[in-house]
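Notes for the one structure printed next.
The structure displayed is predicted, hence computed values, not measured ones. Labels below follow one simple rule: chain letters A, B, ... track the order of the sequence lines, proteins then strands, and each chain is numbered from 1.
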Amino acid sequence: MDTPSHSLESPYPQISEIPDLPLSRVLESFESLGNNCEFGMMQRVAQYNPPGLFRNVSFHSIDALSCAIETDFDAMFDEGRHEFVRVLGWGDWRLDCKIHGMTFHTGIPSAIEPDSQAWKRKSAESLAGHRFMKAKLLAELNSGEKIFVLRFPVPVPEDEIRRLHAAIRRRGPGWLLYVVEDPSRPLAWAERRDDRLIFGGMAQLWHGLHQNLDVDSWSVILRAALTLVVMDQATATRPISNQTA
Amino acid sequence: MSNNVIVEGLTQILRDVLEDPDLVIPGDTTAGAEPGWDSMQHIQILIAVEKKFQVKFSLREMDRLRCVGDLAAAIERHTAKI
């Protein structure tokens with residue numbers, strides 16, 4: 001598959017636009033790295049549904065994600081390296097990547113019987129779609145035109161986040177926004193921690209269907225992170241004479 | 001490529017992917033708004049559009065193709081260059 005191309009104009013809005021930008025437009029600057037469907041649900045709430053490999057993903061460790069990026073998602077969705085699984089309680093079939101230990105929603109109704117004509121067509125389409133999204137994500141990592149967002153349901157050692165950040169930075173100039181659950185601070189926040197690394201926090205992440213998605217907190221974090229990125233770009237592109245004035 | 005040809009081809013793709021042979025979709029219909037048109041179907045639609053119209057969307061274009069009208073306009077832009 002060909003790698004999608006990208007243009008050279010700035011991918012980000014003007015800093016003055018960010019506070020009033022519709023959430024769906026804010027979301028254009030971000031790409032989900034998982035983990036679980038929370039960010040994808042955010043996109044759906046904002047009526048913004050771009051194709052994204054990690055919109056509907058689950059994996060058990062950040063290191064698995066780092067390793068996948070470090071190896072260009074090697075063999076992901078290759079023949080013999082994946083399996084479709086019917087999961088009790090799921091409305092759709094699950095696609096398991098045996099190499100990187102990740103599982104994906106497919107949208108194939110679980111009622112469809114394997115080996116039926118419908119199954120053959122839909123499983124082939126699903127694989128093609130996942131391969132398409134894998135190529136798209138690799139191209140996005142290379143272009144670095146996105147802020148890659150990771151949320152994880154449990155606390156993660158910072159060195160794991162830094163390994164992921166390094167994996168992203170080795171591929172391109174992209175940013176990593178890592179969002180944690182932080183009940184110690186009632187208001188959502190985002191802070192720059194390192195070059196192209198932002199940490200964000202909100203009182204409660206989304207853990208399941210029994211709970212409401214905190215769209216307002218996500219909106220605060222995303223706008224703050226986008227502001228940090230745009231400010232950084234403005235500084236980086238400002239003429240030297242202005243910087244020293 | 002004329003707008004009629006694009007709309008006709010696009011309609012057929014949407015009918016095939018969304019499995020509704022009688023589907024008529026207004027130009028402002030977005031992914032997520034039409035029943036069955038979720039992010040998974042959206043990918044199938046993009047793949048089918050690229051194949052049928054022999055076009056290649058850029059990353060940014062792909063992320064901004066929100067509705068049928070966006071898709072039609074993008075196809076028109078690309079095919080006009082040929």
**Message:** Are the side chains of L71(B) and I13(B) in contact, using a 4.5 Å heavy-atom criterion?
**Reply:** no
**Message:** Sub-4.5 Å heavy-atom contacts with chain B: which residues of residues 95-115 of chain A show up?
**Reply:** H105(A), T106(A), G107(A)
**Item:** Residue N56(A) versus chain B: region with a heavy atom under 4.5 Å
**Value:** side chain
**Message:** What I want to find out is whether E140(A) reaches R60(B) closely enough, with some N-O distance under 4.0 Å, to be called a salt bridge.
**Reply:** no
**Request:** Provide the closest heavy-atom pair for Y12(A) versus S29(A) in the form atom of the first, atom of the second, distance.
**Result:** CD2-OG, 3.6 Å
**Asked** Ring centroid separation for F57(B) and H78(B), is it under 6.0 angstrom?
**Response** yes
**Heavy-atom check, side chain of P153(A) versus side chain of N36(A), under 4.5 Å** = no
**Message:** Between H130(A) and F77(A), is the ring-ring contact (aromatic ring centres under 6.0 Å, His included) condition met? List the steps.
**Reply:** CA-CA 7 Å; H130(A) 280 85; F77(A) 310 127; 5.3 Å; yes
